[in-house]
Amino acid sequence: MEEVRTRFPPSPSGYLHIGGARTAIFNWLFAQKTGGKLILRIEDTDAERSSEESIRGIIESLKWLSITWDEGPYFQSQFINEHVAAAQKLIQLGHAYKCFCTKEELDKKREEARKKKSALQYDGTCRRLTSEEISKKEAAGMPYTVRLKVPRGKGSVLFEDMVYGFIEKKYEDIEDFVIVRSNGRPLYVLSNAVDDIRDRITHVIRGQDGLANTPKQILIYRALGAPIPRFAHMSLTLDPKKAKISKRTHGELVAVHFYKEHGFLPWAFVNYLALLGWSTSDSREIFSKEDLIEAFSLEGISRANAIFDVRKDDPKFFTDPKAISINTHYLRNLPVEEIEPYVRAELEKAGMWDPDFEGMKRDWFLHTVDVIRSRYHVTTDFVTLGRPYFSEDYPVEPKALEKNILKHEGLKAWFPILADRLEALKTFTAEEAEHVIREMAEEFEIKAGILINGIRAAVTGLAKGPGLFDVLIAVGQRRVVERLRKAVTFF
RNA sequence: GGUCCCAUCGUCUAGCGGUCUAGGAUACUGGCCUCUCACGCCAGAGACACGGGUUCGAUUCCCGUUGGGACUACCA
């Protein structure tokens with residue numbers, strides 16, 4: 001059996017956005033699943049819009065997602081000669097012709113067609129040129145484009161898309177489209193097909209926006225006498241207003257790096273993206289890398305477009321709630337060691353990393369991460385909500401201060417006593433601490449909750465968090481005592 | 001305008017003629033748990049766009065309508 005070869009061909013005109021990432025992921029999954037290869041090809045022929053920086057960004061994002069490719073990156077711009085040569089071959093073969101119509105003439109014709117409300121196709125003027133006429137125009141130095149000679153008559157292009165099924169397009173609905181500009185530079189339809197032929201791509205997996213262009217490309221393959229690859233078009237990703245997501249209107253919110261910066265675990269993000277427009281019949285949603293590759297199949301791709309439920313300015317969700325929930329799932333359920341590097345990266349970025357966290361304090365560090373992550377959604381929470389555990393410089397929430405400390409004046413007297421008693425503990429365990437605190441509540445005839453919530457606020461500055469006794473262990477005896485003593489200054 | 005594609009809860013989706021009083025997830029609401037907030041557990045609300053066929057029977061097949069999307073460039 002022939003080896004499967006897929007490709008991801010981003011054009012480097014900006015960052016990698018979620019639509020592109022999804023395309024890359026599906027190509028990668030299919031290659032992995034079939035034991036095939038993924039080729040990375042940078043389609044940088046539009047020099048105006050391409051940039052080195054963009055290429056770096058895209059590659060960085062792919063690496064972050066841990067999408068690996070087997071060949072490339074190749075650069076389309078290095079093969080322009082091949083594209084032009086292919087066009088020349090097509091002219092020689094009689095499958096393409098030179099068109100001397102000017103842009104102005106074409107625009108005029110198109111405008112007229114628009115007025116008459118008829119299809120605005122090229123009328124084939126230059127297709128009918130005699131060789132003498134062509135030579136004359138060429139001799140006169142007239143610029144020309146190259147158009148593919150689409151078969152005329154009753155037939156049609158028929159192909160079976162692996163997602164959408166049989167697609168048929170009549171020849172009469174396909175115009176003699178341009179494949180080379182008048183300045184001699186090839187067009188995307190041509191370059192892309194020629195590159196895919198050279199790279200021996202067997203499966204073209206791309207967005208549904210390529211569906212309408214597929215018949216044209218098939219015509220190019222045929223004219224060039226090249227084997228036609230299998231096509232699989234995937235539904236598009238739309239925004240909540242059903243508009244195609246774009247860098248322009250959504251900015252960073254649709255950029256892969258945005259999710260890296262906002263505390264997403266890369267695999268969680270891949271998992272979420274895989275679920276946008278793809279599913280299994282058992283509706284499973286959480287997949288390890290191995291499971292996902294195992295479960296993946298093109299049949300599971302849905303034909304209807306999916307909405308990326310981004311919520312701009314939503315106070316509760318900074319992005320699609322489902323994406324967050326999947327991230328939360330991984331953040332809380334993965335072995336702590338696996339999220340350790342991500343937490344470390346956040347702490348380092350915030351200047352809160354202590355080398356001892358990977359040395360003598362590692363057990364404490366892992367345990368603390370394990371305790372506090374149960375309430376977190378993104379890794380950045382470790383440096384915001386997690387501050388009191390890793391730093392002495394943490395804010396006190398006004399609400400926590402108000403509700404859990406100031407509201408109970410007795411705490412002013414109780415905090416120092418608690419500090420003394422906790423300090424006196426020889427073995428500082430959750431059980432011992434709980435015993436001390438509950439006993440004291442009984443002694444002073446108050447609800448334990450008053451002490452517990454007060455201590456939480458005093459020790460972490462927060463009104464919410466893990467069970468207090470776990471918090472005490474994580475913060476540690478010395479710091480707990482210190483913070484309790486300092487808390488009297490709040491009153 | 002032309003061509004093509006699509007249409008199940010707010011969102012992601014299962015469903016491939018009877019198993020559907022339509023399942024899961026997420027989000028939402030209520031309850032339990034409880035030292036707070038989560039988690040977890042239980043419960044609730046929430047969808048087959050519409051109209052015709054075909055069929056003994058349509059969410060499922062066909063046609064139309066409506067709605068949405070893509071393509072239609074000497075952009076990639």
Side-chain angles (χ1 to χ4, degrees), chain A residues 9-13 43-46 48-50 76 99 101-103 106-107 110 113-121 143-147 161 164 167-170 172-175 177-189 191-192 207-216 233 235-236 238 240 242-244 272 275-286 302-309 311 316-317 320-326 328 332 374-377 400 403-404 434 437-438 441 447-457 462-469:
Chain A
S11 63
S13 57
E43 303 210 325
D44 58 344
T45 42
D46 187 343
E48 292 285 304
R49 293 194 298 176
S50 298
Q76 187 168 63
C99 172
C101 296
T102 64
K103 188 139 198 217
L106 294 172
D107 285 345
R110 218 174 272 130
R114 197 183 295 278
K115 273 186 202 147
K116 283 193 292 190
K117 296 203 184 245
S118 57
L120 19 123
Q121 280 194 18
Y144 60 86
T145 60
V146 179
R147 286 180 185 272
D161 188 90
Y164 287 93
I167 304 284
E168 186 175 13
K169 181 111 172 170
K170 296 199 205 74
E172 60 186 55
D173 290 326
I174 308 173
E175 68 173 346
F177 54 96
V178 177
I179 53 177
V180 179
R181 295 182 182 84
S182 54
N183 65 8
R185 301 192 45 218
L187 243 46
Y188 167 75
V189 254
S191 304
N192 189 260
Q208 198 224 73
D209 45 355
L211 193 57
N213 276 324
T214 305
K216 290 183 183 174
H233 287 87
S235 50
L236 264 21
L238 273 25
K242 299 207 168 179
K244 206 170 155 183
Y272 163 75
L275 255 26
L276 256 190
W278 175 83
S279 62
T280 56
S281 53
D282 61 359
S283 297
R284 195 144 72 99
E285 309 219 290
I286 300 294
S302 92
R303 284 173 286 276
N305 292 338
I307 290 171
F308 178 51
D309 202 9
R311 311 176 165 203
K316 200 160 174 201
F317 301 102
D320 191 325
K322 187 130 194 177
I324 294 178
S325 88
I326 290 175
T328 301
R332 296 179 187 176
S374 61
R375 262 128 262 244
Y376 295 171
H377 297 94
K403 220 176 68 185
N404 297 332
E434 175 163 14
I437 291 163
R438 290 203 187 275
K447 283 200 288 188
I450 293 176
L451 288 182
I452 290 172
N453 290 323
I455 297 170
R456 177 181 290 106
L462 300 168
K464 19 174 147 167
L468 179 75
F469 311 112

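Bear in mind that the values here come from a model prediction, so they are computed numbers and not experimental data. Because only heavy atoms are used, hydrogens play no part in the values below, and waters and symmetry mates are left out as well, while side chains stay in. We name chains A, B, ... by the order of the sequence lines, and we start the count at 1 in each one.
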Say we look at B:rC50 and B:rG67: how far apart would their C1' atoms be, to the nearest angstrom? 10 Å
Say you pick atom C1' in B:rU13 and the same atom in B:rC42; how far apart are they, in whole Å? 24 Å
Let's go through A:Tyr164 and A:Gln208 carefully: what are the C-alpha distance in whole Å and the side-chain angles of both, what is the deciding distance for side-chain hydrogen bond (donor to acceptor under 3.5 Å, both in side chains) to 0.1 Å, and is it a yes or a no? CA-CA 9 Å; A:Tyr164 287 93; A:Gln208 198 224 73; 3.1 Å; yes
With distance as the sole criterion, is a donor-acceptor pair present between the side chains of A:His377 and A:Ser325 under 3.5 Å? no
Checking all strands, does A:Ile167 fall into the base, sugar-phosphate, or nothing category for heavy-atom contacts under 4.0 angstrom? sugar-phosphate
Quick one: label A:Lys244 by what it contacts on the DNA or RNA (base, sugar-phosphate, nothing), any heavy atom closer than 4.0 Å. sugar-phosphate
Can you tell me if A:Lys322 touches the phosphate of B:rG24, counting only side-chain N or O atoms and a distance under 4.0 Å to OP1 or OP2? no
Where the side chain of A:Thr45 is concerned, which of B:rC71, B:rA76, B:rU13 is the nearest nucleotide? B:rA76
Interatomic distance at C1', B:rA27 relative to B:rA45, whole Å: 12 Å
To the nearest angstrom, the NZ-C1' distance between A:Lys316 and B:rU29 comes to 11 Å
Reckon A:Pro466 touches a base, only the sugar-phosphate, or nothing at all at heavy-atom distances under 4.0 Å? base
Determine the Euclidean distance between corresponding C1' atoms of B:rG23 and B:rG46; express it in Å to zero decimal places. 14 Å
Could you work out which one of B:rU3, B:rA76, B:rC28 sits closest to the side chain of A:Leu187? B:rA76
Any ion pair linking A:Asp320 and A:Arg311 (charged N to carboxylate O, less than 4.0 Å)? no
Out of B:rC75, B:rC74, B:rC12, minimum distance to the side chain of A:Asp46 belongs to B:rC75
The nucleotide from B:rA76, B:rC6, B:rC12 with an atom nearest the side chain of A:Glu285 is B:rC12
Closest to side chain of A:Asp209, choosing from B:rA27, B:rU11, B:rA70: B:rA70
Determine the contact category for A:Ala448: base if any of its heavy atoms lies under 4.0 Å from a base atom, sugar-phosphate if only primed atoms, P, OP1 or OP2 are that close, otherwise nothing. nothing
A:Asp209 versus A:Lys244: any side-chain heavy-atom pair under 4.5 Å? yes
Run the side-chain contact (heavy atoms from CB on, under 4.5 Å) check on A:Asn192 and A:Asn213 step by step: do they pass? CA-CA 11 Å; A:Asn192 189 260; A:Asn213 276 324; over 6 Å; no
What is the distance, rounded to the nearest whole Å, between atom OH of A:Tyr164 and atom C1' of B:rC71? 13 Å
C1' atom, B:rA22 versus B:rC32: distance in rounded Å? 29 Å
Which nucleotide in the list B:rG69, B:rA76, B:rC6 gets nearest to the side chain of A:Gln76? B:rA76
What I want to check is whether an N or O donor and acceptor connect the side chain of A:Arg185 with the base of B:rC74 at under 3.5 Å. no
Taking the side chain of A:Ser279 as its heavy atoms from C-beta onward, which of B:rG10, B:rA14, B:rG69 lies nearest to it? B:rA14
Nearest-Å distance, CG (A:Asp107) to P (B:rA73)? 10 Å
Is A:Thr214 reaching over with its side chain to a backbone N or O of A:Gly210, donor-acceptor style, under 3.5 angstrom? yes
Ranking B:rG69, B:rA76, B:rU3 by distance to the side chain of A:Arg181, first place goes to B:rA76
Tell which nucleotide pairs with B:rC37, taking only Watson-Crick or G-U wobble pairs whose two distances are both under 3.5 angstrom. none
Which atom of A:Ile437 lies closest to which atom of A:Phe469, heavy atoms considered: CD1-CE2, 3.8 Å
Starting at atom CG of A:Asn213, determine the distance to atom P of B:rU3, rounded to an integer number of angstrom. 17 Å
Using Watson-Crick or G-U wobble geometry with both distances below 3.5 Å, tell me the partner of B:rA49, or none. B:rU65
Whole-angstrom distance between B:rC28 and B:rG68, as gauged at atom P: 29 Å
Roughly how far apart, to the nearest Å, are B:rG53 and B:rA47 at atom C1'? 24 Å
Does B:rU59 pair with anything, Watson-Crick or G-U wobble, both distances under 3.5 Å, and if so, with which nucleotide? none
Pair assignment for B:rU3, Watson-Crick or G-U wobble, requiring both distances under 3.5 Å: B:rA70
Rounded to whole Å, how long is the line connecting atom CD1 of A:Ile307 with atom C1' of B:rA25? 17 Å
How is A:Lys447 classified with respect to the nucleic acid when contacts are heavy atoms under 4.0 Å: base, sugar-phosphate, or nothing? nothing
Please compare A:Ala304 and A:Leu236 by the position of their nearest nucleotide in RNA chain B and report the one closer to 5'. A:Ala304
Is a donor on one side and an acceptor on the other found under 3.5 Å between the side chain of A:Arg456 and the backbone of A:Pro466? yes
Nearest-Å distance for atom pair CG/P, residues A:Asp173 and B:rC4: 6 Å
Under 4.0 Å, counting only non-hydrogen atoms across every strand here, what does A:Arg49 touch: a base, just sugar-phosphate, or nothing? base
Would you mind pulling out the nucleotide paired to B:rC20, Watson-Crick or G-U wobble, both distances under 3.5 Å? none
Residue whose nearest RNA chain B nucleotide is more 5′ - A:Gly467 or A:Leu238: A:Gly467
Please determine if a side-chain N or O atom of A:Arg110 lies less than 4.0 Å away from the OP1 or OP2 oxygen of B:rA73. yes
Does A:Ser302 place a side-chain N or O at less than 4.0 Å from the phosphate oxygens OP1/OP2 of B:rU13? yes
Which part of the nucleic acid, if any, lies within reach of A:Phe317 when heavy atoms closer than 4.0 Å are counted: base, sugar-phosphate only, or nothing? sugar-phosphate
Any donor-acceptor N/O pair under 3.5 Å between B:rC6 base and A:Arg303 side chain: no
I'd like to know if A:Arg456 reaches the base of B:rC35 with its side chain, counting only an N/O donor and acceptor under 3.5 Å. yes
Is B:rA43 paired to anything, Watson-Crick or G-U wobble with both distances less than 3.5 Å, and if yes, which nucleotide? B:rU29
Protein-nucleotide distance (A:His233, atom NE2; B:rC4, atom P), rounded to Å: 16 Å
With a 3.5 Å distance limit and no angle check, can you tell me whether A:Arg49 reaches the backbone of A:Ser13 through a side-chain donor-acceptor pair? no
B:rC35, OP1 or OP2 - any side-chain N/O from A:Arg438 closer than 4.0 Å? yes
Base B:rC74 to side chain A:Thr145, donor-acceptor N/O within 3.5 Å cut-off: no
Span that lies between the P atom of B:rC62 and that of B:rC5, in whole angstrom: 12 Å
For the side chain of A:Asp320, starting at C-beta, report the closest nucleotide among B:rU11, B:rG69, B:rC6. B:rU11
So does A:Ser283 get a side-chain nitrogen or oxygen closer than 4.0 Å to the phosphate oxygens (OP1/OP2) of B:rG23? no
Is there a side-chain contact between A:Lys242 and the phosphate of B:rC6, meaning an N or O under 4.0 Å from OP1 or OP2? no
Closest to the A:Val178 side chain, choosing from B:rC74, B:rC35, B:rA76: B:rC74
Under 3.5 Å, is there a donor-acceptor pair between the A:Ser191 and A:Gln76 side chains? no
